Protein chains: 4
Amino acid sequence: MARPKSEDKRDALIAAATEVIAAQGLSAPTAAIARGAGVSNGSLFTYFDTKADLFNQLYLELKTGMAAATMEGLRAEAPLREQFSLMWANWMRWATSNPDKRRALALLDGCDDITGQTRAASHQAMSDVAELVEQARADGPMRDVPMDFVVAMMSSLAEATMDFMVSDPEHADEHRGAGFDALRRMLGETNQRAAFSPR
Amino acid sequence: MARPKSEDKRDALIAAATEVIAAQGLSAPTAAIARGAGVSNGSLFTYFDTKADLFNQLYLELKTGMAAATMEGLRAEAPLREQFSLMWANWMRWATSNPDKRRALALLDGCDDITGQTRAASHQAMSDVAELVEQARADGPMRDVPMDFVVAMMSSLAEATMDFMVSDPEHADEHRGAGFDALRRMLGETNQRAAFSPR
Amino acid sequence: MARPKSEDKRDALIAAATEVIAAQGLSAPTAAIARGAGVSNGSLFTYFDTKADLFNQLYLELKTGMAAATMEGLRAEAPLREQFSLMWANWMRWATSNPDKRRALALLDGCDDITGQTRAASHQAMSDVAELVEQARADGPMRDVPMDFVVAMMSSLAEATMDFMVSDPEHADEHRGAGFDALRRMLGETNQRAAFSPR
Amino acid sequence: MARPKSEDKRDALIAAATEVIAAQGLSAPTAAIARGAGVSNGSLFTYFDTKADLFNQLYLELKTGMAAATMEGLRAEAPLREQFSLMWANWMRWATSNPDKRRALALLDGCDDITGQTRAASHQAMSDVAELVEQARADGPMRDVPMDFVVAMMSSLAEATMDFMVSDPEHADEHRGAGFDALRRMLGETNQRAAFSPR
DNA sequence: CATGAATGAGCGTTCATTCAT
DNA sequence: GATGAATGAACGCTCATTCAT
């Protein structure tokens, strides 16, 4: 059971779960997910012990995927400002390109089935992002605010920005920029200023 | 006119729904809500046509209550900065004093049963808050960002702040302050600075 | 309770029951019937102890009304053949003019709630009709068949005829005639022949 | 292919439905039917999508079975009169031997859940019977009456006859005969007479 | 007596999970 | 391991009937 026969089937189930949950909500029947994956309803339970188990694995996978997409292409040597900006762009792109994943993730986030353990692991997945934020707020006005709180605020601004980018795609770029500027202001513009006037 | 529909009973149902939903989620049985209100399961449906109807009415009531609590005691003549600060304090107090209402509201917000109409009405309920924000960002850096977006960002920061105040009550005051400062910075500190150095 | 206050209300309930049952079947809510009568749902039960009681009274009333309409204008002195023919015409007219009553009656007929007593009384209501048939079959081939059976057969032919008159109104007259002729043939044409060639 | 859907179980459900409906009417709980078939209530819905679906399939099956029983042992080469007489005997035997089926069929017939499609198919099932009637009325007095009407009349006489055979079993044979004679008279005795006096 | 809110048993259907094949 | 039939608890909602007003 540690390594079920077909990794493919597991992935198909995860993918189908994303779609179906995005479309029908968390109360979507497991049978619908199985069908979406081209698998019998019984088989779902050889890959996931429980619907809740599926939810937890899916949650973690989506969050990890999001984090990875967000950090994609970041070079540690690049100036902080550049890294930060790229991170935001990546994040927004992930959100707009993967509306199903985003919706499923949001639904799962507000769901009692998600274990503390899973939440902790998902937290872990965001550690690179957190580290970047850590640097960004380093000696700004939020220097004494708990990192988790800072990350939570940033995430919440990100979500709000995504919502507007999605609901008003004509001005998606402007919204992305407005969200980013708001974030920078919130964190304190020290690093930005530094970036602007190096010397 | 026979036994009239009792406002008390309706209120009891609304209150019970808040509690039960906070505790068990949106899939809580209507029978549990009725029991919580000390009423037969059938009676619930003389006050609400449908579970979804109950959800909509509850959502609106919670949101309206939240908005009212948030604006309580604000004097229009007072300096903007003072009003803004009091609003934030009110809001946070409502959230920490009414965790059930907050959780129920959050769950309902992500629920397909909530009508567009209901959402529109709930939007309306927040109009006073929005107006205050309108003034606060007036000639700051967000002056060209759509109001809805500004409000959404503020709300998202508020939610994040509430989460930390609740989960770490020892430092609730500091979190509240940190959230408020972050908000001010995001909106641009023009008005604050003005308030500080009137000279 | 023997004489409820308003005979009008009772009649309104009976009329509404006919309509509603014709439209929705026997499972129609009593509340719908009350509403149709412009009366509160509770009031229905001051006029009828029970839904089954309403059904019984309605059944009897419909059957009695049908029988009366069927015998309307028959002169006992008129030739049997003429009476018989008029009866048939009356019966068919009643059916085509009162489709709701007919449908309600049919539904009630196949319903377990109708008491043996009620059925006996309704039988009684048809006694005039039965008597006419009694004469018609007097010395024909059915002279030894139990009257009830003869009446039942006639009624069943009548129902079949009504069905076709209603479903194919363009040829209603022909269907009525065909049904009548079939009935006469079944009963034996002695009396008719006698009527035709008296001498 | 996993446990295949068992024909036995389906048949048990159909049989149980017949019994239960005959006993309790169409409002019989699906759970009662399932119990009668020795099956869980949920299982009923793997064999029938809906209570209405069960009703439709049952209706068709009963009607088809009745038609088959009615035509059983008829030899097309035999004289019409003999065929006709055997058909009637078969039909009456089916009715008296299967009172539950008959009652269930009657209830279903007056039920809105039965589709037009189902009715059409059930019509089809009676086509052999209809054909026989077609010949019987061929050049008699009903030669110009629509076949459906003729069949409907015959069926209605059959039902009346069955009622009396069942309710007065002591004279079942006489009733059967009386019904048959009535039918022959209705159709016109030409063919019979021809059969009697071939010369 | 009229009204309509209150009651609670009851029903059709769904669905996570199990297990025979 | 894969399949999908089997299971039965659970749920939203209805409705005949009662009873407070």
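Bear in mind that the values here come from a model prediction, so they are computed numbers and not experimental data. All heavy atoms count here, side chains included; hydrogens, waters and symmetry mates do not. The chains referred to below are lettered A, B, ... by the order of the sequence lines, with proteins before strands, and numbering in each begins at 1.
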K.L.:
Using Watson-Crick or G-U wobble geometry with both distances under 3.5 Å, which nucleotide pairs with E:dG10?
P.N.:
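F:dC13 is the nucleotide pairing with E:dG10.
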
K.L.:
Measure from the side chain of B:N41, starting at C-beta and using heavy atoms only, and say which of F:dC13, E:dA6, E:dG12 lies closest.
P.N.:
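Between F:dC13, E:dA6, E:dG12, the one nearest the side chain of B:N41 would be F:dC13.
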
K.L.:
DNA chain F: A:G42 or D:G42, which has the more 5' nearest nucleotide?
P.N.:
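Nearer the 5' end of the strand: A:G42.
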
K.L.:
Go through E:dT7, F:dT3, F:dG12 for me and flag the one nearest to the B:P29 side chain.
P.N.:
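Nucleotide nearest to B:P29's side chain: F:dG12.
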
K.L.:
Using heavy-atom distances to pick each residue's nearest nucleotide on DNA chain E, tell me which of D:A52 and C:V39 is more 5'.
P.N.:
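Mapping each residue to its closest nucleotide by heavy atoms, the 5'-most match is C:V39.
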
K.L.:
Over all strands shown, is D:A28 touching base, sugar-phosphate only, or nothing at heavy-atom distances under 4.0 angstrom?
P.N.:
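Touches sugar-phosphate only.
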
K.L.:
Could you state the atom-to-atom distance from CZ of B:R10 to C1' of E:dA5 in whole Å?
P.N.:
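B:R10 atom CZ is separated from E:dA5 atom C1' by 16 Å.
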
K.L.:
Measuring to OP1 and OP2 of F:dG4, would you say a side-chain N or O of D:T46 lies under 4.0 angstrom away?
P.N.:
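No, because none of the side-chain N or O atoms of D:T46 sits under 4.0 Å from OP1 or OP2 of F:dG4.
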
K.L.:
Taking pairing as Watson-Crick or G-U wobble with both contacts under 3.5 Å, can you name the mate of E:dA20, or confirm there isn't one?
P.N.:
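Paired with E:dA20, as far as the under-3.5 Å criterion goes, is F:dT3.
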
K.L.:
Does D:K9 make a side-chain N or O approach to OP1 or OP2 of F:dA6 shorter than 4.0 Å?
P.N.:
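So the side-chain polar atoms of D:K9 do come within 4.0 Å of the phosphate oxygens OP1 or OP2 of F:dA6, strictly under.
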
K.L.:
Under 4.0 Å between a side-chain nitrogen and a carboxylate oxygen: does that hold for C:D113 and C:R119?
P.N.:
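Salt bridge absent between C:D113 and C:R119.
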
K.L.:
How long is the line joining CD1 of D:I21 and P of E:dC11, in whole Å?
P.N.:
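Whole-Å distance recorded here is 14 Å.
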
K.L.:
B:S27 or D:S6: which one's nearest nucleotide on DNA chain F is closer to the 5' end?
P.N.:
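Residue closer to the 5' terminus by nearest nucleotide: D:S6.
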
K.L.:
When you measure from the side-chain N and O atoms of C:Y47 to the phosphate of E:dA2, is any distance below 4.0 Å, counting only OP1 and OP2?
P.N.:
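Indeed, a polar side-chain atom of C:Y47 lies that close.
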
K.L.:
Please determine if A:D109 and A:R102 form a salt bridge, counting it only when a charged side-chain N lies under 4.0 Å from a carboxylate O.
P.N.:
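So A:D109 does not pair with A:R102 through a salt bridge.
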
K.L.:
To the nearest Å, give me how far apart CD (D:E7) and C1' (F:dA6) are.
P.N.:
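Going from D:E7 (CD) to F:dA6 (C1'), I get 17 Å.
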
K.L.:
F:dC11 C1' sits how many Å from B:Q24 CD, rounded?
P.N.:
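The distance from CD of B:Q24 to C1' of F:dC11 comes to 13 Å, rounded to the nearest Å.
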
K.L.:
Taking OP1 and OP2 of E:dC11, is either one under 4.0 Å from a side-chain nitrogen or oxygen of D:T30?
P.N.:
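For E:dC11, neither OP1 nor OP2 has a side-chain N or O of D:T30 closer than 4.0 Å.
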
K.L.:
Could you check how far CG of D:D53 sits from P of E:dT14, rounded to whole Å?
P.N.:
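Rounding to the nearest Å, CG of D:D53 and P of E:dT14 are 12 Å apart.
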
K.L.:
Is it the case that the side chains of A:S43 and A:S40 hold a donor-acceptor pair, with the cut-off being a distance below 3.5 Å and no angle test?
P.N.:
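Side-chain D/A pair, A:S40 to A:S43: present.
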
K.L.:
Nearest-Å distance, CG (A:L13) to P (F:dT3)?
P.N.:
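From A:L13 CG to F:dT3 P: 10 Å.
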
K.L.:
Does F:dT7 have its OP1 or OP2 closer than 4.0 Å to a side-chain nitrogen or oxygen of D:S43?
P.N.:
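D:S43 to F:dT7 OP1/OP2: side-chain N or O found under 4.0 Å.
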
K.L.:
Looking at C:S6 and C:K9, would you say the former's side chain and the latter's main chain have a donor-acceptor pair under 3.5 Å?
P.N.:
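Side chain of C:S6 to backbone of C:K9, a donor-acceptor pair under 3.5 Å: yes, one is there.
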
K.L.:
Separation of A:L44 atom CG from E:dC15 atom C1', in whole Å?
P.N.:
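Atom-to-atom, A:L44 to E:dC15, this comes out as 12 Å.
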
K.L.:
Are D:S40 and F:dA6 close enough that a side-chain N or O sits under 4.0 Å from OP1 or OP2?
P.N.:
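No, because none of the side-chain N or O atoms of D:S40 sits under 4.0 Å from OP1 or OP2 of F:dA6.
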
K.L.:
Looking just at side-chain N and O atoms, do B:T18 and B:D100 make a donor-acceptor pair shorter than 3.5 Å?
P.N.:
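Checked: B:T18/B:D100 side chains show no N/O donor-acceptor pair below 3.5 Å.
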
K.L.:
Nearest to the side chain of C:F45, which nucleotide is it out of E:dT17, F:dT18, F:dG12?
P.N.:
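Between E:dT17, F:dT18, F:dG12, the one nearest the side chain of C:F45 would be F:dT18.
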
K.L.:
Return the nucleotide paired to E:dC15: Watson-Crick means purine N1 to pyrimidine N3 with N6-O4 or O6-N4, wobble means G-U with N1-O2 and O6-N3, both under 3.5 Å.
P.N.:
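With both distances under 3.5 Å, E:dC15 matches F:dG8.
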
K.L.:
Less than 4.0 Å between a side-chain N and a carboxylate O, is that true for C:E19 and C:R103?
P.N.:
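No.
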
K.L.:
Could you check how far CZ of D:R35 sits from P of E:dC11, rounded to whole Å?
P.N.:
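Interatomic distance, CZ of D:R35 to P of E:dC11: 9 Å.
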
